[in-house]
Amino acid sequence: MVLIKKIDHVQLAMPSGKEDSAREFYNGILGIPEVKKPMELAKRGGVWFESDSIKIHLGVDKDFIPATKAHPGLEVGSVEVLSEILSKHGYGITQDHSISDCIRIFVNDPFGNRLEFLEWST
């Protein structure tokens, strides 16, 4: 019996005081709208981005170390278009062709956290 219904959100860590960098990347480049954090949690810093289908929360970690292996996998409409946008903004892209029926890239956010973007062909 599966007890988990769905993933509610993904939490990534970020360094203190870098909320504007998070906004530029997650909202400005990826287009995920920022939402207000609950008042009690806002005191801790960080920033949340949410749409109908995705929730990424960035929380401040005083001993921040980027997640260079663990990562969320985010499905996109066009890896090619996203690659062009990310490249235009100076983000390095790693392509991966090891899964059939899937185009995927890996990119580090402004803090070095690994993100996977994928487009299924079927």
Side-chain angles (χ1 to χ4, degrees):
M1 173 166 74
V2 177
L3 298 176
I4 308 298
K5 289 174 28 176
K6 68 176 186 170
I7 293 175
D8 181 75
H9 67 276
V10 173
Q11 170 89 19
L12 299 173
M14 62 177 275
S16 180
K18 298 294 185 178
E19 286 82 0
D20 286 342
S21 294
R23 288 181 182 101
E24 289 172 20
F25 182 77
Y26 287 93
N27 178 255
I29 296 173
L30 299 182
I32 307 168
E34 181 179 352
V35 298
K36 252 188 159 165
K37 290 179 70 171
M39 229 164 66
E40 281 302 308
L41 299 178
K43 295 185 247 182
R44 301 178 187 171
V47 62
W48 289 6
F49 302 94
E50 299 182 2
S51 70
D52 290 340
S53 60
I54 188 166
K55 295 179 183 180
I56 298 178
H57 297 172
L58 282 102
V60 170
D61 186 341
K62 68 181 179 87
D63 299 318
F64 174 73
I65 298 172
T68 58
K69 180 67 176 171
H71 63 275
L74 306 169
E75 187 173 346
V76 299
S78 174
V79 166
E80 182 180 346
V81 170
L82 180 60
S83 294
E84 290 173 12
I85 292 168
L86 289 165
S87 292
K88 184 179 98 178
H89 286 91
Y91 286 92
I93 295 165
T94 303
Q95 294 186 0
D96 184 283
H97 303 286
S98 60
I99 299 176
S100 62
D101 298 332
C102 180
I103 303 167
R104 66 187 191 147
I105 60 171
F106 292 93
V107 174
N108 291 338
D109 75 2
F111 319 115
N113 294 313
R114 185 180 197 203
L115 305 173
E116 176 183 357
F117 298 99
L118 51 115
E119 176 186 351
W120 294 101
S121 59
T122 56

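These values consider heavy atoms only, across backbone and side chains, with no hydrogens, waters or symmetry-generated copies. Given the structure is predicted, the values throughout are model-derived calculations rather than measurements.
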So, taking the atom named [atom1] in [X] and the one named [atom2] in [Y], what distance separates them when rounded to the nearest 0.5 Å?
| X | Y | atom1 | atom2 | value |
| --- | --- | --- | --- | --- |
| Phe64 | Lys18 | CZ | NZ | 11.0 Å |
| Glu119 | Arg104 | CD | CZ | 13.5 Å |
| Asp109 | Ser21 | CG | OG | 9.5 Å |
| Met39 | Lys43 | CE | NZ | 7.0 Å |
| Glu84 | Ser78 | CD | OG | 7.5 Å |

Identify the heavy atoms of [X] and [Y] that sit nearest to each other, and give their distance.
| X | Y | answer |
| --- | --- | --- |
| Lys69 | Arg114 | O-NH1, 3.4 Å |
| Gln95 | His97 | OE1-NE2, 3.4 Å |
| Leu118 | Cys102 | CB-SG, 3.7 Å |
| Pro66 | Phe111 | CB-O, 3.3 Å |
| Ile93 | Ser83 | CD1-O, 3.2 Å |
| Val47 | Ala22 | CG1-CB, 3.6 Å |

Flag the pair [X] / [Y] as yes when at least one side-chain heavy-atom distance between them is below 4.5 Å, and no otherwise.
| X | Y | value |
| --- | --- | --- |
| Leu30 | Leu82 | yes |
| Phe25 | Leu86 | yes |
| Glu19 | Met14 | yes |
| Tyr91 | Leu115 | no |
| Phe49 | Ile54 | no |

Atom [atom1] of [X]: over 12 foreign heavy atoms under 6.0 Å:
| X | atom1 | result |
| --- | --- | --- |
| Lys37 | NZ | yes |
| Leu41 | CG | yes |
| Glu80 | CD | no |
| Ile99 | CD1 | yes |

Original post:
Can you list the steps and then say if Leu74 with Val10 is a side chain to side chain contact (heavy atoms under 4.5 Å, CB included)?
Top reply: CA-CA 11 Å; Leu74 306 169; Val10 173; over 6 Å; no
Subject >> Single-linkage hydrophobic cluster Ile85~Val107, side-chain heavy atoms < 4.5 angstrom >> reply: yes
**OP:** Decide whether Ile103 and Trp120 are clustered together by the hydrophobic rule: side chain heavy atoms of Ile, Leu, Val, Met, Phe, Trp, Tyr closer than 4.5 Å, transitively.
**Re:** no
Strictly distance-based, threshold 3.5 Å: is any side-chain N or O of [X] a donor or acceptor partner for the main-chain N or O of [Y]?
| X | Y | value |
| --- | --- | --- |
| Asn108 | Gly92 | no |
| Asp96 | Ile105 | no |
| Asn113 | Ala67 | yes |

Original post:
Parallel under 30°, tilted from 30 to 60°, perpendicular over 60°: which one fits the rings of Phe106 and His71?
Top reply: perpendicular
Original post:
Going through the checks in order, is the side chain to side chain contact (heavy atoms under 4.5 Å, CB included) test met by Asp8 and Lys55?
Top reply: CA-CA 7 Å; Asp8 181 75; Lys55 295 179 183 180; 3.4 Å; yes
**OP:** Start with the C-alpha distance between Leu12 and Tyr26, add both sets of side-chain angles, then the distance that settles side chain to side chain contact (heavy atoms under 4.5 Å, CB included), and finish with yes or no.
**Re:** CA-CA 12 Å; Leu12 299 173; Tyr26 287 93; 3.4 Å; yes
